[in-house]
J.: 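Below you'll find the structure I mean.
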Protein chains: 2
Amino acid sequence: MKIAFVGIGLMGQPMTQNLIDAGFDLALWNRTADKLAAFADHATRCQSVAEAAASAEVLITMLENGEVVDEVLFQSQAFKQLPAGSLVIDMSSIPPKTARKHALLCEAQGLRYLDAPVSGGTVGAKQANLSIMVGGEATVFEGAQAVFSALGNATYIGPAGSGQLAKLANQAIVGITIGAVSEALLLAAEGGANPVAVREALLGGFANSRILELHGQRMLDSNFTPGATSRVQLKDLRTILNEANEHNLTLPLSQRTYESYLGMIANGHEGLDHSGLLVELEHLNNTRLIK
Amino acid sequence: MKIAFVGIGLMGQPMTQNLIDAGFDLALWNRTADKLAAFADHATRCQSVAEAAASAEVLITMLENGEVVDEVLFQSQAFKQLPAGSLVIDMSSIPPKTARKHALLCEAQGLRYLDAPVSGGTVGAKQANLSIMVGGEATVFEGAQAVFSALGNATYIGPAGSGQLAKLANQAIVGITIGAVSEALLLAAEGGANPVAVREALLGGFANSRILELHGQRMLDSNFTPGATSRVQLKDLRTILNEANEHNLTLPLSQRTYESYLGMIANGHEGLDHSGLLVELEHLNNTRLIK
């Protein structure tokens, strides 16, 4: 099967490698062509998205955000070069509204479409165990299993845009839970408890979470080397609130967490890991978790 | 070793049984004496806390809240019946401030004191795998290991009151994470995604938590049979905010979650499981997760 892969960045590189290893025939495009050099012997390097699309049965995008996907694949008209019946799989994290628009554009062109954002980061991409959340037609999802299984574990969520909704749900829980762990550890420490022991004790009960385990440890170590940056967490929370607004929904904790990340980033901490939200809570209270 | 156990309720009953099974010599007191009938052949039933205390090396309290502990053991002066050097272990969930006061009263009387609230509920109590969070002197904690190991797994957190602080940290994370899962699932569902599939997909990633697993499932089933009631969750959040206030701390997500439980309970839902916070979010938005 011929696959065009558009966006060969930190995520796209290991994903491309896994698809090559699974025996697919890859055509690659990236805005900066030097990222393609490593694949010179094992894939076709293309000068444009249109060129990559021209003979693809499946076109995968893995780009920075909705605007970039919109510009590179749709405004450019490159998607019209895809053979009739081809499948567009957008694995970028973009607003559900934009994904739904792209699904309609594809449909009008006689193309199939799935939104399939991932979680698991570069580690998951390398190990081919990304969690892939997929929206679109169920039959189209079934037909794409061979592609997904080369990259990780795919779950069908619902109609077009639903994969992006699941990703937003993920990011809402992640951001709010980081806030919850920050507040819990700071309260315990200010009261005189040892926050290291508190985290340890809580891992055994109902408060246990991946965030308490991983991000809680980063807070105790004051180690905010990203992982995922606060800048991206803020972007995701903004998308969450925009999507909520589309449906006239009020989400009080998502809203409040967004405001905390805003304050954090207004003070120059956009490059910290998203667990660095602790720094904003420390600022609000003029204290430190670890003194 | 002679242990007085005060408060033979839903938690106290299985805990008493585990201590008897471990070979301890138990003297029991409960406000309503009929709860003691089951132990007639295996423990001493006492008419008063003072009587239970009189020959105890360890006195354990497992009572409803701080006021009850204060009244039953301290205002009653019953604690003064304990032999010099005896150990009071308060396993009730009470405010850290009250625990610190009780520690001082014990010290003045030549008694030792540990605050040791638990998580794990009646199931954990029966299976003797409660998570026990302990505050007080480290050497006293070490000396009490034989008692704790009959009941579950104990973690030393710090000076008197620290066990209660860890419990509050636990309850803050639990309450806020319930709110996070409510918002995430409702957003996804309103956007057209299948919330059952969203939960399933998110269990594989950074959003994974015991709350998403257990309480998320209760939300999808609209099954709010308690577990832990919203009434108790509200009480815990109020204690969290009071303790934060003691230390001049602002905890925005704890505060906002407290307000949501307040609204829920103002509308008569105090008997629902704490995962029923979803009902308040549905009310706020005049919609339903499962239509």
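Quick note on labels: first sequence line is chain A, next is B, and so on, each numbered from 1.
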J.: Does A/Glu243 reach the main-chain N or O of B/Leu187 with its side chain, forming a donor-acceptor pair under 3.5 Å?
T.: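 It does not hold such a pair.
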
J.: On a heavy-atom basis, which atom in B/Ala184 and which in A/Ile173 lie closest, and how many Å separate them?
T.: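 Result for this residue pair: CB-CG1, 3.6 Å.
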
J.: Supply the atom-to-atom distance B/Phe206 CZ to A/Gln171 CD, rounded to the nearest 0.5 angstrom.
T.: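 Result: 9.5 Å between the selected atoms.
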
J.: Just checking heavy atoms, which of residues 149-157 of chain A are less than 4.5 Å from chain B?
T.: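 A/Thr155, A/Tyr156, A/Ile157 fall under the 4.5 Å cut-off.
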
J.: Determine whether B/Leu281 and A/Pro252 make a side-chain contact, defined as any pair of heavy atoms from C-beta on separated by less than 4.5 Å.
T.: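 Answer yes - side chains close enough.
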
J.: Based on non-hydrogen pairs under 4.5 Å, which of B/Ile176, B/Leu251, B/Val198 is most in contact with chain A?
T.: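 That would be B/Leu251.
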
J.: Looking at CD of A/Gln255 and CD of B/Glu183, how far apart are the two atoms once the value is rounded to the nearest 0.5 Å?
T.: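 Those atoms lie 9.5 Å apart.
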
J.: Any donor and acceptor pair, going by atom type alone, linking the side chain of A/Glu190 with main-chain N or O of B/Ala244 inside 3.5 Å?
T.: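 Such a contact is absent between A/Glu190 side chain and B/Ala244 backbone.
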
J.: Identify which part of B/Asn248 has an atom lying under 4.5 Å from any heavy atom of chain A, answering side chain, backbone, both or neither.
T.: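 When you check distances to chain A, only backbone atoms of B/Asn248 fall under 4.5 Å.
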
J.: Side chain, backbone, both or neither: which part of B/Leu214 has a non-hydrogen atom closer than 4.5 Å to chain A?
T.: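 Answer is side chain: those atoms of B/Leu214 sit under 4.5 Å from chain A.
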
J.: Using a 6.0 Å cut-off, check whether atom CG of B/Leu10 has over 12 heavy atoms from anything other than its own residue.
T.: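 12 or below, so no.
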
J.: Which answer fits B/Thr250, side chain, backbone, both or neither, if we ask what part of it has an atom under 4.5 Å from a heavy atom of chain A?
T.: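 Contact with chain A: backbone and side chain both.
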
J.: For chain A, which of B/Ala188, B/Gly158, B/Ala193, B/Ala197 has the most heavy-atom pairs under 4.5 Å?
T.: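 Most heavy-atom pairs under 4.5 Å with chain A: B/Ala193.
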
J.: Heavy-atom pairs under 4.5 Å with chain B: which of A/Ala189, A/Ser254, A/Gly204, A/Ser131 has the most?
T.: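 Winner by heavy-atom pair count: A/Ser254.
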
J.: With respect to chain A, which residue among B/Ala228, B/Ser209, B/Ala207 yields the maximal number of heavy-atom pairs within a distance under 4.5 Å?
T.: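 Most heavy-atom pairs under 4.5 Å with chain A: B/Ala207.
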
J.: Please look at A/Leu284 and chain B and tell me whether the side chain, the backbone, both or neither of the residue comes under 4.5 angstrom of a heavy atom of that chain.
T.: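 Contact with chain B: side chain only.
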
J.: Could you tell me which of B/Ser119, B/Gly205, B/Gly191 has the largest number of non-hydrogen atom pairs under 4.5 Å with chain A?
T.: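 With the most close heavy-atom pairs to chain A, the winner is B/Gly191.
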
J.: At a heavy-atom distance under 4.5 Å, which candidate from B/Leu249, B/Val174, B/Ile240 has the highest pair count against chain A?
T.: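 So the answer, after comparing B/Leu249, B/Val174, B/Ile240, is B/Leu249.
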
J.: So which of A/Gly120, A/Ala169, A/Gly121 has the largest heavy-atom pair count under 4.5 angstrom toward chain B?
T.: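 Looking at each option in turn, the highest pair count goes to A/Ala169.
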
J.: Taking atom CD as the centre, does A/Glu259 end up with more than 12 heavy-atom neighbours from other residues, nucleotides or ligands that are less than 6.0 angstrom away?
T.: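 Counting neighbours around CD of A/Glu259, more than 12 heavy atoms of other residues, nucleotides or ligands fall under 6.0 Å, so yes.
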
J.: Contact part of B/Asn194 toward chain A, heavy-atom cut-off under 4.5 Å: side chain, backbone, both or neither?
T.: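 The answer is both parts of B/Asn194.
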
J.: Tell me, side chain or backbone of B/Leu253 under 4.5 Å from chain A's heavy atoms, or both, or neither?
T.: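 For B/Leu253, heavy atoms of backbone and side chain both lie under 4.5 Å from chain A.
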
J.: To the nearest 0.5 angstrom, please state how far the CG atom of A/Asn208 sits from the CD atom of B/Glu213.
T.: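 Here the rounded value is 9.5 Å.
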
J.: Measuring heavy-atom distances to chain A, does B/Pro96 have an atom under 4.5 Å in its side chain, in its backbone, in both, or in neither?
T.: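 Looking at B/Pro96, nothing touches chain A.
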
J.: Using non-hydrogen atoms and a 4.5 Å limit, figure out which bit of B/Arg199 sits close to chain A: side chain, backbone, both or neither.
T.: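 Neither part; nothing is under 4.5 Å.
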
J.: Take a 6.0 Å sphere around CZ of A/Arg256 and say whether it holds more than 12 heavy atoms from other residues, nucleotides or ligands.
T.: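 For A/Arg256, atom CZ is crowded (more than 12 foreign heavy atoms under 6.0 Å).
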
J.: Within a 6.0 Å radius of atom NZ on B/Lys235, are there more than 12 heavy atoms belonging to other residues, nucleotides or ligands?
T.: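 Count over threshold, so yes.
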
J.: Closest approach of B/Leu165 and A/Gly192, non-hydrogen atoms and distance?
T.: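 Nearest pair, atom of B/Leu165 first, then A/Gly192: CD1-N, 4.1 Å.
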
J.: Decide yes or no on side chain to side chain contact (heavy atoms under 4.5 Å, CB included) for A/Leu202 and B/Met133, but give the supporting numbers first.
T.: CA-CA 9 Å; A/Leu202 269 49; B/Met133 296 155 272; 4.1 Å; yes

J.: By salt bridge (Lys or Arg N to Asp or Glu O under 4.0 Å), which residues pair with A/Glu200, not counting sequence neighbours?
T.: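 If we apply the salt bridge (Lys or Arg N to Asp or Glu O under 4.0 Å) test to A/Glu200, skipping adjacent residues, there are no hits.
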
J.: For chain A, which of B/Gly161, B/Ala201, B/Gly135 has the most heavy-atom pairs under 4.5 Å?
T.: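 With the most close heavy-atom pairs to chain A, the winner is B/Ala201.
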
